[in-house]
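Remarks on the structure that follows.
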Amino acid sequence: MLQKLPAAIASRVPVHICRRAKSLQLQSLREFQDVGQLTCQLQRIQRIYSLTSHAAKESCLYSTPELYDKAFSFREFDEEVEFLEMIFRSHVGKQKGAFLELGCGPARHASLLQQKTGSFAIALDNSQAMLAYAKDAARRAGASVEFKQGDMKQFHLQERVDMVYMLFGTFGHLLDSQSAQRCLQSIHAALKPDGLLVIELAHPADAFDGSLMQEDEWGEDGNEPSQVGTPGELAVQYGKSGDQFDAIEQVLQRTVTICQADSNGKMQKVLSETVPQRVYTYQELKLLAAMSSFDVHAAYGDMQMDVSFCDPDAPRMVLVLKRL
């Protein structure tokens with residue numbers, strides 16, 4: 001017979017968590033004979049509920065596209081687009097094709113890639129505000145990009161493309177393996193036979209040695225931020241001491257803080273929020289890829305062809321998957 005839960009535990013398990021258990025198709029609570037086992041299951045459900053609730057909310061920074069674009073303007077977009085070009089030429093053997101930037105944000109890569117290659121470019125994002133900003137940026141740059149609103153876990157294209165790319169940790173916003181697999185299956189359906197998928201994430205070694213949990217700071221130029229800046233200048237703090245990492249779900253609750261120089265040049269906090277990010281390992285992605293009919297074709301340690309994934313100083317994990 002099922003033992004009664006201690007009041008201290010029961011009080012922390014609201015009704016909507018129990019409903020979540022049913023939706024996840026876990027075993028009936030009556031099947032659990034051990035209070036400790038039941039408690040562990042309920043705590044796991046609560047973690048999942050918390051993660052999915054955070055994921056459902058659009059980031060405050062992301063819903064402020066101009067601020068987001070400025071905060072991450074340090075990226076070497078020209079060099080990264082050149083890397084994508086070389087990946088496409090070396091693994092597909094063509095000079096131009098049809099490309100999709102998934103979770104595009106301001107779509108800087110899509111615009112540059114279209115301009116440099118004359119290829120057909122699509123950019124997909126779920127944020128209306130970000131898409132409006134990206135469209136305007138592409139128009140001002142003279143790039144011809146087709147923009148679509150959609151969920152990266154479940155989308156459909158009228159015509160298949162030759163390459164899909166997900167950069168700047170976008171794949172890490174898929175907080176569980178089911179969401180990741182749904183996304184990969186949608187990408188598989190969107191790609192032509194032997195098409196490519198490029199995924200850029202933090203290097204998993206950073207999670208094992210603890211450096212992923214350390215805070216990072218930069219100014220608009222990507223260098224150390226100054227305490228006094230030109231009015232309007234930004235400083236970004238990416239992560240902070242005490243950010244929580246769930247070792248079971250492999251999700252880091254990353255604190256992102258944006259400061260901006262006021263009329264006197266003094267840095268003032270304008271935004272601070274917590275963004276959940278899943279940490280993926282190479283072996284996990286290899287398995288998820290195989291389950292979705294992809295093969296890991298190449299792995300790099302940065303968006304540079306000459307940086308090995310096994311380099312001890314490699315800052316990123318960049319995987320090239322080929323559709324089977």
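The first residue in the sequence is number 1, and the count goes up from there.
Once rounded to the nearest 0.5 Å, the distance linking CG of L113 with CE of M163 reads 5.5 Å. Between the CZ atom of R254 and the CD atom of Q277 there is a distance of 5.0 Å, given to the nearest 0.5 Å. Atom-to-atom distance recorded for M130:CE and C104:SG is 8.0 Å, nearest 0.5 angstrom. Atom CG of L319 sits about 13.0 Å away from atom NE2 of H297, to the nearest 0.5 Å. With rounding to the nearest 0.5 Å, the separation of CD in Q253 from NZ in K240 is 12.0 Å.
With ring centers used as reference points, Y300 lies 6.0 Å or more from F309. When ring centroids are compared, F99 and F120 stay outside the 6.0 Å threshold.
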Requested in this report: List the steps, then state whether salt bridge (Lys or Arg N to Asp or Glu O under 4.0 Å) holds for R75 with E200.
Outcome: CA-CA 13 Å; R75 298 276 295 202; E200 179 208 1; 3.0 Å; yes

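Closest approach of Q114 to A143, counting heavy atoms only: OE1-CA, 3.6 Å. G172 approaches Y280 most closely through the heavy-atom pair CA-CE1, 4.1 Å. In this structure, H109 and Y165 approach most closely via the heavy-atom pair C-OH, 3.7 Å.
Considering only residues two or more places apart in sequence or on other chains, R89 meets the salt bridge (charged side-chain N to carboxylate O under 4.0 Å, His left out) condition with E85. Taking Q115 as the reference, nothing meets the side chain to side chain donor-acceptor pair (under 3.5 Å) condition, with sequence neighbours excluded. The side chain to side chain donor-acceptor pair (under 3.5 Å) test applied to T257 returns S272, not counting sequence neighbours. With sequence neighbours left out, the salt bridge (charged side-chain N to carboxylate O under 4.0 Å, His left out) criterion links K269 to no other residue. Here K148 pairs with E146 under the salt bridge (charged side-chain N to carboxylate O under 4.0 Å, His left out) rule; sequence neighbours left out. Considering only residues two or more places apart in sequence or on other chains, K94 meets the salt bridge (charged side-chain N to carboxylate O under 4.0 Å, His left out) condition with D162. Qualifying side chain to side chain donor-acceptor pair (under 3.5 Å) partners for K266, counting only residues two or more places apart in sequence or in other chains: none.
L112 and V145 fall into different hydrophobic clusters, where Ile, Leu, Val, Met, Phe, Trp and Tyr side chains are chained together by heavy-atom contacts under 4.5 Å. The hydrophobic cluster containing L174 also contains L191, counting ILVMFWY residues as joined when their side-chain heavy atoms lie under 4.5 angstrom apart, directly or transitively. Both V236 and Y62 are part of a single hydrophobic cluster, where members link through side-chain heavy atoms under 4.5 Å apart. Under a hydrophobic clustering in which Ile, Leu, Val, Met, Phe, Trp and Tyr are joined whenever their side-chain heavy atoms come within less than 4.5 Å, directly or via other members, L124 and V198 fall into different clusters. In the hydrophobic clustering of this structure, V320 does not group with L197; members are Ile, Leu, Val, Met, Phe, Trp, Tyr whose side-chain heavy atoms approach within less than 4.5 Å, directly or through other members.
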Enumerate donor-acceptor pairs with a distance under 3.5 Å from any side-chain N or O in residues 183-190 to protein atoms, sequence neighbours excluded.
| unit_1 | atom_1 | unit_2 | atom_2 | d |
| --- | --- | --- | --- | --- |
| S186 | OG | K153 | O | 3.2 |
| S186 | OG | R182 | O | 3.3 |
| H188 | NE2 | S293 | O | 3.4 |
| H188 | NE2 | L324 | O | 3.4 |

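A salt bridge (charged side-chain N to carboxylate O under 4.0 Å, His left out) check over residues 205-224, counting only residues at least two apart or in different chains, returns the pairs K70-E220. Here side-chain hydrogen bond (donor to acceptor under 3.5 Å, both in side chains) pairs that include residues 130-143, with residues two or more places apart or in two chains, are D69-Y133, D136-R139, D136-R140.
In the hydrophobic clustering, where aliphatic and aromatic side chains (Ile, Leu, Val, Met, Phe, Trp, Tyr) are joined below 4.5 Å either directly or transitively, L212 groups with M213, F245, L252, V279. Through direct or relayed side-chain contacts under 4.5 Å between Ile, Leu, Val, Met, Phe, Trp and Tyr, M291 connects to L287.
Relative ring orientation between F72 and Y238 is described as perpendicular, the plane-to-plane angle rising above 60° on a 0-90° scale split at 30° and 60°.
Between the side chain of S292 and the backbone N or O of F294, no donor-acceptor pair lies under 3.5 Å. For S90 (side chain) and I87 (main-chain N/O), a donor-acceptor pair under 3.5 Å exists by modelled atom type. Within the 3.5 Å criterion, the main-chain N or O of C310 finds a donor-acceptor partner in the side chain of S308.
Ionic pairing of D295 and K322 is not present here: no N-O contact between side-chain nitrogen and carboxylate oxygen is shorter than 4.0 angstrom.
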